[in-house]
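Presented below is the structure to which this report refers.
Each chain gets a letter, A, B and so on, in the order the sequences are listed, and its residues count up from 1. Fair warning: this is a prediction, and the values are worked out from it, not measured in the lab.
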Amino acid sequence: MAEYDFQTIEKKWQKFWQDNNIYQVQVDPSLPKYYALDMFPYPSGAGLHVGHPLGYIASDIVSRYKRLKGFNVLHPMGFDSFGLPAEQYAIQTGQHPEITTAQNITRYKEQLRNLGFSYDWDKEVQTSSPDFYKWTQWIFMQLFQSWYNKVTDKAEPIDTLISVFKKEGNELVQAVCDEETPLFTASQWQQMTEAEQQKMLLNYRLTYLADTVVNWCPGLGTVLANDEIKDGFSERGGYPVVRKKMKQWMMRITAYADRLLEGLDRIDWTDSLKEMQRNWIGKSVGCELDFVVQDSDIILTAFTTRPDTIFGVTYITLAPEHELISQLTTDAQQQAVKAYVEKAANRSELDRMADVKTVSGVFTGSYSINPISGELVPIWVADYVLAGYGTGVVMGVPSSDDRDFRFANHFDLPIVYVIEGTETMEDPTEKKHGTIINSDFLNGMDSHEAMQAAIERAEAEGKGKSKVNFRIRDAVFSRQRYWGEPVPVYFKDDIPYLLDESELPLALPPVNEYKPTEEGEPPLGRADDWKYRDEYPYELTTMPGWAGSSWYHFRYMDPHNETEFVSKQAQSYWENVDLYIGGTEHATGHLLYSRFWTKFLYDRGDITVDEPYKKLINQGMIQGQSSIVYRVHQKNTFVSHGLKDQYKVSPMHVDISLVSNNVLDIDAFRQWREDLGEAEFILEDGKYVCGSEVEKMSKRLFNVVNPDDVVEQYGADTLRLYEMFLGPLEQSKPWNTNGIDGVYKFFRKLWRLFHNKQGAFFVTDEAPTHEELKVLHKTIKKAQEDIENYSFNTTVSSFMICVNELTSLKCQKRAILHDLVIILSPFAPHIAEELWHALGNESSVTQTVFPTFDEQYLIEAVHEYPISINGKVRAKMNFALDVSKEEIERQVLDAEPVQRWLEGKSPKRVIVVPKRIVNIVI
RNA sequence: GCGGAUGUGGCGAAAUUGGUAGACGCACUAGACUUAGGAUCUAGCGCCGCGAGGCAUGGGGGUUCGAGUCCCUCCAUCCGCACCA
C-alpha cells in the first residue's frame with residue numbers, strides 16, 4: 001500500500017472483527033463491568049444521517065477505552081422498531097409494517113457496520129420482535145397484578161391487597177388509588193360480585209382501565225401523551241389534537257412521583273434535564289383549606305402553597321368545570337354564570353393557551369367564609385383556574401400572586417397586603433416572602449414560620465390539612481394503532497382479565513388493512529377471531545411507543561432468555577447503565593417512564609437497581625445546512641442569491657448534492673426534476689449562488705447527509721474523528737465538512753511517518769529518546785483524562801500535535817508507535833488495528849491494555865517563567881524546578897531586562913507562582 | 001412570565017479552573033518543490049501601529065499584584081415549561 005488506503009483497511013478489519021467475534025461479551029464476575037448504551041434508534045425509511053452517529057461514536061470511544069482499561073464492557077445496539085411511520089406507510093401501501101421495518105433495520109445495520117462500532121450484535125434487541133414484546137407484555141401483567149402500598153412505599157402484589165379487603169375492608173388501607181374509591185367493609189367486599197370486585201381492584205392496580213379525557217388526534221386515529229403534543233398539534237405529522245373522553249389503559253406513574261423526584265439526586269444527569277423532570281413531576285407542598293359557603297353546608301376546599309397569606313384572601317375562584325357552580329350561583333347571577341361556563345367549555349385548549357393575558361371571570365353571587373380569619377369573601381368563576389389541578393378551587397390573594405393581582409385589578413376586588421413592604425410597591429407580587437402584616441396571630445412572623453402556624457391552626461380547628469400536590473398525571477397507555485404490542489388482556493362481561501403467563505407472547509394478528517374500522521375501532525378490530533379461547537374478545541388497543549423502551553436496557557443483558565426478561569445472574573452483574581447517551585427530546589417521556597418501570601421491577605425484587613441510567617449525556621443535534629434557490633414569481637427562472645432582492649421571488653429548497661460551496665450545478669439541477677428541465681437562470685459573476693440556512697436534517701428539506709457518502713470519500717476513521725473534533729459533544733452544530741481535510745491529513749501524516757517511500761511499513765527498534773517519550777506520554781495522559789471527562793474534541797487535537805511532533809522528530813520507533821496505536825484505537829479503530837498488526841501482533845488491538853503514562857517524562861527539568869511587571873509580560877526566564885521562590889525572586893530582580901523596566905525603582909511586591917508566573921508590582 | 005444554558009479571531013473551537021488569551025483545525029497570504037495536485041513542505045495569520053508599544057474574551061461597573069474565569073448590572077441568542085394556585 002503506497003498511501004493510506006482506508007477503503008481496503010476498513011473493510012478488512014470490519015470483517016476480521018466480525019469473523020472472530022471480537023466484541024462478544026459475557027458475564028464474567030472476575031472482571032469489573034461497564035455498561036455503555038446509546039438510545040436505540042427508530043429504524044426510519046430515511047436511514048441514518050450524519051447526526052445519528054455523533055452519540056454512537058462517543059459511546060463507542062468510551063467502550064473501547066474501558067475495555068483497554070480492563071473492564072468487561074457491555075455495548076449493545078438494537079431497534080425501537082414499533083412506531084408510527086411504518087404503520088402510516090402500511091396504510092398507504094398495504095405492506096405489512098414488519099416487512100418495512102425489517103428492510104429498514106437491515107439498512108441501518110449496514111450503515112452502523114460501516115462506521116466500525118464495537119457492538120456485540122449477539123445482544124441485539126428489537127422491540128417489535130415477539131421474543132422481546134413477550135416480556136413487555138409480561139411487565140404489563142405484573143403492573144396489573146400490583147398496587148402501591150404507601151406504608152411500605154413500594155409496589156406489592158394485588159393478592160396482599162385482596163386478603164386485606166377480605167379481613168378488614170379498605171378503610172385502613174394506605175394505597176395510591178383513584179380518589180373516588182368508595183369505602184367498604186370486609187363483609188361488603190365478600191358480598192360483591194366477581195365483576196364488582198374486579199372493578200374495585202382497578203382503582204388500585206398500577207395499570208388500570210379508566211374513562212379519561214385524552215388527547216385524541218383524528219389525523220393519526222390515536223390518542224397521544226402530553227409529551228407527544230406540541231402547541232396543540234401532534235409532534236409526528238402535525239395534526240390537530242382535540243380533547244375527548246375515552247376508555248383507556250392507564251399507568252399509575254403518580255404512585256412513583258416522589259421517588260422519581262428523589263432519585264434525581266442520586267444520578268449524574270445534567271441539571272437542566274433534572275430540572276425538566278422536576279417541573280414535569282411538579283411537586284408542590286402546601287395545604288388544603290376548607291371554605292364554607294355562607295348559609296349553606298357546601299364546603300369548597302382550596303389548595304394553596306401559601307397558607308401564610310390567608311389573611312390576604314379577598315375572593316375565591318372555581319374552575320368553570322367545577323360541579324358545584326350551579327348550586328352556588330344565586331338566581332340573579334344564574335344567567336351570567338351559565339353563559340360564562342358555556343363559553344369556557346367551548347373554548348378549545350389551543351385558544352385557552354393562546355390568550356393567557358386576557359382576564360375573564362364571573363361572580364356567582366355567593367360568599368364563603370375564610371376558615372382562618374372568618375371573613376366573608378365573594379365566590380367567583382374564572383378560567384384561569386384549572387379543573388385538573390389541585391381541587392379546582394383557588395383562594396385569591398391579589399397581593400402576592402400575579403394572576404390574582406391581575407384578576408382583582410380587572411374586577412375591582414379589594415387588595416389586602418400581608419407582606420411588609422408590598423403595600424407601597426407598584427407590583428406587590430414581586431416580593432414573595434417577608435414579614436407578615438395585617439394578619440392577626442401571624443403578624444411579625446416570616447413567611448415560612450407563618451405557613452407552619454397557619455396550617456397548625458387550620459388543622460387544630462379541623463378546617464384544613466397539609467397536602468402535597470403533583471402536576472404529573474397518570475400516563476395513558478392505550479394507542480388505537482396496529483403496529484405496537486398487543487395488550488395481553490381479554491374481556492369477560494366487560495371486565496378485563498389477564499392471559500396466563502404461559503400464553504405469552506400474544507402475537508399481533510394479521511389484518512387486511514391497517515386503518516381503524518368503519519365503527520371507529522382500532523385496527524385490531526379487523527383481525528379475524530381476535531378472541532381469547534374463541535370466546536372472549538381481546539383488548540383492541542396496543543401499547544405506546546415508550547413501552548418497549550422503558551425496559552430494553554435490561555434485555556440487552558440477556559436477550560435470548562426464554563424464561564425470564566433477564567436472568568438474576570446477568571442483571572446483578574451488569575446492574576444498570578453506566579453511561580447513557582442520547583438526545584434531550586426524551587426528557588419527560590422515555591427517560592421518565594424508563595425510571596418508573598425500573599423502580600417498579602426493583603420493588604418486585606426482579607432487579608437490584610432502582611435507577612436505569614447512572615450517567616446521562618445529551619449529545620447535541622447536528623443540523624443540516626440547506627441550500628435554497630430563488631424562483632422568480634410566475635416564471636421558470638431562478639435568480640442568484642445576491643440579486644434576488646431585485647425580483648419578486650419565492651425560495652425553494654434544493655438538494656444539497658447539487659450544490660458545492662453554495663454554487664449550484666446548473667446541469668444537474670435541470671435534471672433533478674422534470675419541471676426544471678427548461679429552467680432559466682440569472683447569474684452573478686457567471687455563477688448561480690444559492691442561499692443557505694441551518695435547519696433540522698430532514699428528507700423533506702433535501703439537506704440530509706448520509707454517513708455512507710462521507711465514509712466512501714474519507715473513511716470511517718476520519719468521519720469518527722471529525723465528528724468528535726467538531727466541538728463539545730453536548731453542543732448542537734450545523735454539519736459541514738469544512739474542516740474534515742484537516743482530520744484526513746492527520747491520518748495520512750501518521751501513515752506516511754511509519755511507511756517508507758515504497759509504501760512498506762517501517763519502524764526501527766531503537767530505544768526512544770527522552771524527547772520522544774515526552775511527546776508520547778503527554779498524549780497518553782491527555783487522551784486518558786479527556787476520555788474520562790468526555791471531552792473528545794481536545795483529544796483529537798492532542799493526537800494531531802503528537803503526530804506533528806513525532807514527524808518533526810522523525811521518530812519512527814516501534815515502542816512509540818505501539819503505545820500510540822493503542823491510545824488511538826478507541827477513536828480510529830481501523831487504522832489502529834492495521835498498524836497494530838503491522839507491528840506483528842496477532843490478536844486485536846482491542847484485546848490489549850491501555851498504556852500508563854509515566855510522570856517522569858512529563859516533568860520538565862527547567863520551567864520557563866513569564867515575568868510580568870505591573871500585569872504585563874515583559875520577559876521570560878528559565879529556572880530549575882527545585883529552585884526556591886526566594887532564589888527565583890532574587891535572580892529575577894537582578895536580571896538585566898527586569899532592571900531596565902524597573903528604571904531604578906524598587907518593587908512594591910514580587911509574587912512567584914510556582915510553575916506559572918513571576919509578577920512584579922512597582 | 002418562570003426555569004436552564006450560552007456569548008472568545010473570518011469560521012469550528014482551546015485555555016491546566018484566578019496565572020503568557022486564541023492551543024489544534026479550517027479558510028486566507030507569501031514562498032519552496034515539482035511527475036502541475038483538491039498533493040507535500042516552510043513561514044505568516046485577533047485588531048490598531050513603520051516601530052517601541054497600545055487595545056482586545058457581548059456592554060458597563062467591581063474585587064485582585066493579576067479576571068475569559070469570581071461578584072453586581074444591563075444586552076443578545078438558544079432550549080425547556082407555560083394560567084400548576
Side-chain angles (χ1 to χ4, degrees), chain A residues 3 227 231 270-280 282-284 286 302-306 309 316-317 319 352-353 355-359 382-386 388-397 400-404 406-407 429 469-472 584-585 587-588 618 620-621 713 721-722 725-728 730-734 736-746 748-749 752 781-782 785 791 793-802 804 807-808 864-876 907-922:
Chain A
E3 273 294 320
D227 56 281
D231 302 326
T270 61
D271 288 340
S272 73
L273 204 100
K274 287 184 183 180
E275 205 50 39
M276 271 191 236
Q277 291 213 342
R278 284 193 194 106
N279 289 340
W280 190 261
K283 179 175 182 170
S284 45
F303 174 74
T304 179
T305 55
R306 296 300 304 275
T309 63
I316 68 171
T317 322
R352 208 163 150 171
M353 283 197 299
D355 75 345
V356 171
K357 290 279 177 297
T358 319
V359 177
D383 69 358
Y384 83 84
V385 179
L386 303 177
Y389 183 77
T391 59
V393 181
V394 168
M395 58 180 224
V397 186
S400 65
D401 181 286
D402 66 321
R403 290 152 312 177
D404 296 348
R406 277 204 307 266
F407 191 81
T429 65
N469 250 322
F470 291 95
R471 199 187 77 107
I472 192 172
T584 183
E585 65 272 19
T588 52
N618 292 120
M621 232 205 313
Q713 203 183 344
L721 219 63
Y722 180 59
F725 186 64
L726 272 174
E730 297 88 344
Q731 209 161 306
S732 288
K733 49 229 153 190
N736 66 65
T737 50
N738 289 347
I740 200 166
D741 282 330
V743 173
Y744 186 52
K745 245 185 252 176
F746 158 77
R748 278 192 312 213
K749 274 187 206 163
R752 213 168 302 136
K781 180 170 194 242
K782 184 86 171 108
E785 289 174 353
S791 166
N793 54 330
T794 50
T795 325
V796 178
S797 293
S798 73
F799 284 144
M800 289 179 177
I801 296 168
C802 177
N804 283 344
T807 304
S808 56
E864 187 182 56
Y865 283 78
I867 315 298
S868 123
I869 297 165
N870 279 352
K872 284 285 157 199
V873 174
R874 304 294 185 187
K876 284 174 187 178
K908 275 195 210 130
R909 59 197 287 196
V910 178
I911 300 148
V912 178
V913 185
K915 285 191 76 180
R916 290 277 184 278
I917 192 165
V918 179
N919 208 308
I920 301 166
V921 186
I922 305 174

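The separation between A:Tyr744 atom OH and B:A39 atom C1' is 11 Å, rounded to whole Å. If you take CG of A:Leu386 and C1' of B:A85, they are 9 Å apart, rounded to a whole angstrom. The nearest whole Å value for the distance from the CD atom in A:Glu785 to the C1' atom in B:A15 is 15 Å. Counting to the nearest Å, the P atom of B:A85 and the CZ atom of A:Arg406 are 15 Å from each other. In this structure, the CD atom of A:Glu585 is 12 Å from the P atom of B:C81, given to the nearest Å. Put simply, NZ on A:Lys908 is 13 Å from P on B:U64, counting in whole angstrom units. One interatomic measurement links the two molecules: CD of A:Gln277 to C1' of B:C81, which rounds to 14 Å at whole-angstrom precision. Rounded to whole Å, atom P of B:G66 lies 18 Å from atom CD1 of A:Ile867.
Taking the P atoms as reference points, B:U64 lies 16 Å from B:C71, given to the whole Å. B:C26 and B:C41 are spaced 10 Å apart, taking the P atom of each and rounding to whole Å. Here the separation of B:C47 from B:A5, taken at their P atoms, is 34 Å to the nearest Å. Annotation: B:G31 and B:G25 have their C1' atoms spaced 22 Å apart (nearest Å). Taking atom P in both B:G61 and B:G68, one finds a spacing of 15 Å when rounded to whole Å. Distance noted for atom C1' between B:U20 and B:G38: 38 Å (whole Å). Look at the C1' atom in both B:G12 and B:G22: the space between them is 13 Å, to the nearest Å. Annotation: B:U57 and B:G62 have their P atoms spaced 15 Å apart (nearest Å).
Contact check, A:Arg748 against B:U40: a side-chain N or O comes under 4.0 Å of OP1 or OP2. Put simply, A:Asn804 has a side-chain N or O that comes within less than 4.0 Å of OP1 or OP2 on B:G25. Look at A:Thr584 and you won't find any side-chain N or O under 4.0 angstrom from OP1 or OP2 of B:C79. Look at A:Arg471 and you'll find a side-chain N or O under 4.0 angstrom from OP1 or OP2 of B:A82. Not one side-chain nitrogen or oxygen of A:Tyr865 sits closer than 4.0 Å to the OP1 or OP2 atom of B:U20. Taking only side-chain nitrogens and oxygens, A:Asn919 never comes nearer than 4.0 Å to OP1 or OP2 of B:G19.
The distance from atom CD1 of A:Ile911 to atom CG of A:Asn919, rounded to the nearest 0.5 Å, is 5.0 Å. Note that NZ of A:Lys876 is 12.5 Å distant from OG of A:Ser868, once rounded to the nearest 0.5 Å. In this structure, A:Phe746 CZ and A:Cys802 SG are separated by 7.5 Å, a value rounded to the nearest 0.5 Å. Remark: A:Leu721 CG to A:Leu726 CG distance equals 10.5 Å, nearest 0.5 Å. A:Asn793 CG to A:Gln731 CD: the interatomic distance, rounded to the nearest 0.5 Å, is 9.0 Å. We find the CD1-NZ distance between A:Ile472 and A:Lys283 to be 13.0 Å, quoted to the nearest 0.5 Å.
Within 4.0 Å of A:Lys782, counting heavy atoms only, lies no atom of the nucleic acid at all. Base engagement by A:Val394 is indicated by at least one non-hydrogen atom pair under 4.0 Å involving a base atom. Among the heavy atoms of the strands lying under 4.0 Å from A:Ile911 is at least one base atom, whether or not backbone atoms are also near. A:Val913 comes within contact range of at least one nucleobase, with a heavy-atom separation under 4.0 Å. If you check every strand for non-hydrogen atoms under 4.0 Å, A:Asn469 touches nothing. A:Lys745 comes within 4.0 angstrom of the backbone, heavy atoms only, and of no base. When heavy atoms are screened at a 4.0 angstrom cut-off, A:Arg278 is found touching no nucleic acid atom at all. Across all strands shown, A:Gln731 has heavy atoms under 4.0 Å from sugar-phosphate atoms exclusively, and none from any base.
Between A:Met395 and A:Thr309 there is a side-chain heavy-atom pair separated by less than 4.5 Å.
Out of B:A85, B:A13, B:U20, the shortest distance to the side chain of A:Pro728 is found at B:A13. Closest contact between the side chain of A:Ser797 and the listed nucleotides B:A13, B:C83, B:C24 involves B:C24. For A:Lys749, the side-chain atoms get nearest to B:C41 when compared with the rest of B:G19, B:A85, B:C41. Distances from the side chain of A:Met276 to the nucleotides B:G80, B:A85, B:G25 place B:G80 closest. The side chain of A:Lys876 approaches B:U20 more closely than any other nucleotide in the set B:G12, B:U20, B:U16. For A:Tyr389, the side-chain atoms get nearest to B:A85 when compared with the rest of B:A85, B:A14, B:U20. Nearest to the side chain of A:Met800, among B:A85, B:C24, B:G54, sits B:C24. Nearest to the side chain of A:Thr794, among B:C41, B:A13, B:A15, sits B:A15. Ranking B:G12, B:G4, B:A13 by closeness to the A:Phe725 side chain, first place goes to B:G12.
For B:A85, there is no paired nucleotide, since no Watson-Crick or G-U wobble pair has both relevant distances below 3.5 Å. Pair assignment for B:G7 gives B:C75, based on Watson-Crick or G-U wobble hydrogen-bonding distances that are each under 3.5 Å. B:U64 is unpaired under the criterion used here, namely a Watson-Crick or G-U wobble arrangement in which both key atom distances are under 3.5 Å. The nucleotide B:C2 finds its pairing partner in B:G80, both defining distances of the Watson-Crick or G-U wobble pair being shorter than 3.5 Å.
Judged by closest nucleotide on RNA chain B, A:Gly727 is the one of A:Gly727 and A:Gly282 placed further toward the 5' end. The residue among A:Thr807 and A:Arg909 whose nearest nucleotide of RNA chain B is located toward the 5' end is A:Thr807.
Checking side-chain atoms of A:Lys733 against main-chain N and O of A:Pro728 turns up a donor-acceptor pair under 3.5 Å. With A:Arg748 contributing its side chain and A:Glu3 its backbone, the two residues share no donor-acceptor pair below 3.5 Å.
Base orientation for B:U8: anti, the chi torsion being more than 90° from 0. In this structure, B:G9 shows a glycosidic angle within 90 degrees of zero, which is the syn conformation.
With no hydrogens or angles considered, no side-chain donor-acceptor pair links A:Asn469 and A:Ser284 at under 3.5 Å.
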